[in-house]
Amino acid sequence: MTSWENTIERLRRTPVWQSLFRRGPARTNRTRSVAVFGNIFLHLLPVKVRDASLRVRATYYLGSITFFLFVILTVTGVLLMLYYHPAVPEAYQDMKDLRFVVSSGVFLRNLHRLAAQAMVVFVFWHMFHVFYRGGYKPPRQFNWVVGVGLLLLTLFLSYTGYLLPWDQLAFWAITVGTNIISYVPILGQPMRFLLLGGHGIGENALLRFYVLHIVILPLFAIILIAVHFWRVQKDGGITLREEHGRKEKD
Amino acid sequence: MKPRRLCLLLAVLALALSGCGTKKSTAQPDPLLHAYDVEPDWSNPDHLFYLNYQQAQGKRIFYDKCVWCHADSTPAGPSNRSNLNPMPALANDGSALNSLSDDYLRNIITLGGSAVSKSAMMPPYGKTLTQDEIQAVIAFMRAIAQPPYQPPARPGPQYSTR
Amino acid sequence: MPAEEMGKASRKLRLAFAISSVVFVAVLAISPLKDYFAPWRQYKRAYARFANTRPDTKRLLADYHSGIDQIWIPELKVVDRCTTCHQGITQPSLMDASVPQPFRAHPSIPHHALDWGCVVCHRGQGLATEVREAHETTLGWEQPLLPTHFIQASCGVCHQSDIPETPQLNRGRQLLVDLNCFRCHRMNVSERIYVPPPDLSNIGHKASREWIYKWLKEPRTILDSDGNVVTNGYANEPRMPQFRLNDAELRDLSAFLSTRQNEPLGSHQIDPRIVAAWQKKPDVADQGETRFRQMFCTTCHAVAVTRAGQTQLIGGNIGPELTKIGSKVNEDWLIAWLRNPQSYFGYAQMPRYQWSDEDLYKVSRYIMTRLTDSDLLSDVPKMDPPTPAEIQAGKQLFVGKGCANCHGIQGIKAPKEFGPDLSAVGSKTVSELMFGDAKIPHTLVDYLRSKIENPTSVNTTAAMPQYHLKKEDVSALITALLSMTRRPDAPAFAKLVVRATPSKFQPAGQFGELYDRYKCYLCHQFNGYGGTLAPDLSFEGSRAQKAWVVSFLKNPQTLRPASTFRMPQFNFTDAEASTITDYLEMVMQSPQVNPNPDNSSKTSPELVALGKQLYEVKYQCQSCHTIGATGGYVGPNLSNLGSWMRPAWIAAWLKNPQALVPGTIEPRREFTDQEIQALSAFLMTLKQTPTSAKAGSAAGGSR
């Protein structure tokens, strides 16, 4: 409809629009590349991808799913933070409130918990698949190390999140875990003290685990995820060199 | 012997032997017979009334203050009821009490018999018992009434007819 | 693919995307829909519909809103969401039984629900808004609702002393003391009057080895052929429970106990002349029985009487029942005991009467010949004299089976913590209880019931002996146990606890000696301390006239038809009677009664006539009180009131009886001062001359 297109055109010529969208719609490959380069969010991703890498069987999208779960965890985690107090009697009561009072509180909490468990599964699966496909071989060794770091962060995030409901399961799991840590030679005891903020599991431990879970570890995770994506792009993408018969230069 | 006579003899024998009952012929009383929230029907001790909280409190107050005149026997022996003329109604007498409204009973208990043109032998308990306690006693009396008490279908009128 | 085609999704992909988006949104809608149809919302809507059918709809729906209702009291850490479904809890018009649950109102109680929350009394999970989670034990919450039959347990969490509104709890607490539960299990029991188990250091003087064997095997002496206790009076089972002992253990224990003779017997000689005089008389046992009756021994000791095929225990349960005592004790011991019980063991609660030798002989003959059962020991095997090995084994059993926790023996120390600590048993969760092989529901209440009724049901190696209790007593015990909970979390609760006021009344001087000797406190209360069997004497000095008290002590009569027991005949000497009376008059005064009122000018014939008219016509006091031979049988006989009570007391009593004796049956009327004067004047004229007094007491004394 011409009048509709006219309206859009007129809208496009306003200064507000022009300050938001500096270049017009991208219709050629060159303008598309420029759009990707110039966007703060998109420039982390490669401008072009080989369509072979988009096939499901290439990666089973395991890494992407893991990242997607991480996003879900972040969003549901922030929503849960609105209801949660990291203090000793309130923590368990807040769990009860989420279940009984908050609208869709059960769904929110379960989504967070299930996504966390699924993320651990997928992280391992992704790791095994990358290994199977040889995605650790040069020039991708560093990315593998970053990936291992991400694995450890995922597991530690899961562990710190486990304590937060402050129920019997949480308490004793943390008791067992920190007691195991204390058996590390030389550094074991100080590590346990650092982790718990004291000698026993109480309010300090809960607070520490909470800060670890929502700030420190996610911060490192986001940094490492960014590095991981960047390295995937710079190391030549997802497909194998042999498929294209070209020598990749670092 | 003829078959008919045989049958008759067997029937008589069966009838005679039926008198030999087992030990369990009499019903065992409910083990909670004397619990604070159970009251045996005064006209039929095998039948028990299970009381709710308010009725149990009413039972307690009744056996403390009212049983001496409004029952035929008390924990201390025979009651005072037969000494009185006119004889006070038994607390479980449905035929006398069911037609009286709760408000009427509350009045007579609170203000005494002479305030409702009845015998002055019934003292006023308005200063001795709280209104909650009096309501509890009324609830207890309604619970044990024989014939059973049917509460009115709607909340009672503001002024009782009696 | 050409550059222009890039970025355009294929038709198949677009379709897949569309379908998955729709599915995604549909799945996302499940949770909000579940919220919309949540059970608590349905209950709320049902309440709104129900309220619309009632005449007072507006009031019922005044606070109605579509969200969750909760009672939130931060100081007490109360967050109770029960009122979300139980919408009508505080509506007085919904108290009727025809109102469907959960909308029915709470019965009227002294504590308002909104000030306290629900969980403090009913337990359960207050935070929940789902039925199962709120009411039952679930994975996330281990404390279910308290069954309403035991609701008085929650009263007992704060009310440490007995209140009249909790008869079941009071009974349970009394049983915990009477049955000596606290001797093996640590628990908080309020101090109350009770008769402790006897010291056994000298039991060898008292009973034979055979009797001890029989007693340890089966402590209940009144059984029918099926082994059922047939008594149905108000007195209880013997407080000694039944231990599960086999023949060897019985032999060992009886060997040990029958050789306990630490000290020689007290004086048990009767003047030989009296023995010689009475021995030959054929009616010595009958005379003994008469004396036994006259002294009202059955006020404290019950005796089983068989009438019309039914056996009943008649009498009190302060001392042991005496139906077959003659087959238990030997006569020397009996005489030493009656003469001076404290010589047998120091804390014996039986008073020391002034027995004459003649009475002692007659009564002991009666007991030894009539209160016997020749079949009592027929099933006890023949036993040789005890061997040292048996005695040693018996001593170990005495400690190992828990006997030492209740019965003292000189030189034997009772083990501490023989039974588990029960001071927080009411808070125990199901996961802390071992049910063993018992086929009972896994709840705390069922566990307690099973354990009390049969201790080996949940633990075959239990040391707890077997009690044979009536079902309502088991319920009472469970109530008392459930009231003993952990200290609540909120410190504000600690301030709300109503502590038991421990009181000990220990008079000194001559009265103190008599008080200890005759154990007045077992039946009478003095300033809040004592038993409840007999009237409270805290204000007796203000109440009764001196001369009357002296004559009453010499010859106790029935005064109050409502009390079931009679004061025993203590045979007070004149000096003793006057000591007691003087003390009562001087010390036991009520602050509300003027001890020296000026009542000389208060009487006149007109006033007396007015008082008589008020008594007989306006207030009809004769419906409950007897004067002469007519009247009612509820309150005391007033025939001798003028000599019995003081006028100042009568006036104060008529003004407000509950201020002087809380819980008295006398109703409180609003007499005017003039009416009180008139009634007092009339009542003070009611005096009995000695001849009419004898006739009066004969009529009043027989029941």
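Keep in mind that the numbers below use all heavy atoms, side chains included, and drop hydrogens, waters and symmetry copies. Here is how names work: the chains are called A, B, and so on, in the same order as the sequence lines, proteins then strands, and each is numbered from 1.
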Atom group of [X] that falls short of 4.5 Å from chain B, counting heavy atoms:
{"X": "C:Ser108", "result": "both"}
{"X": "C:Pro164", "result": "both"}
{"X": "C:Glu666", "result": "backbone"}
{"X": "C:Val474", "result": "neither"}
{"X": "C:Gln658", "result": "side chain"}
{"X": "C:Pro667", "result": "both"}

Between [X] (side chain only) and [Y] (backbone N and O only), is there a donor and an acceptor less than 3.5 Å apart?
{"X": "B:Asn80", "Y": "C:Ser623", "result": "yes"}
{"X": "B:Lys65", "Y": "C:Thr664", "result": "yes"}
{"X": "B:Thr128", "Y": "C:Arg668", "result": "yes"}
{"X": "C:Glu472", "Y": "B:Tyr36", "result": "no"}

Q.
Need one label for B:Cys69: side chain, backbone, both or neither, based on atoms under 4.5 Å from any heavy atom in chain C.
A.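 Side chain only.
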
Q: Measure B:Ser79 against the heavy atoms of chain C and call it side chain, backbone, both or neither at under 4.5 Å.
A: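 Contact with chain C is absent: no heavy atom of B:Ser79 under 4.5 Å.
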
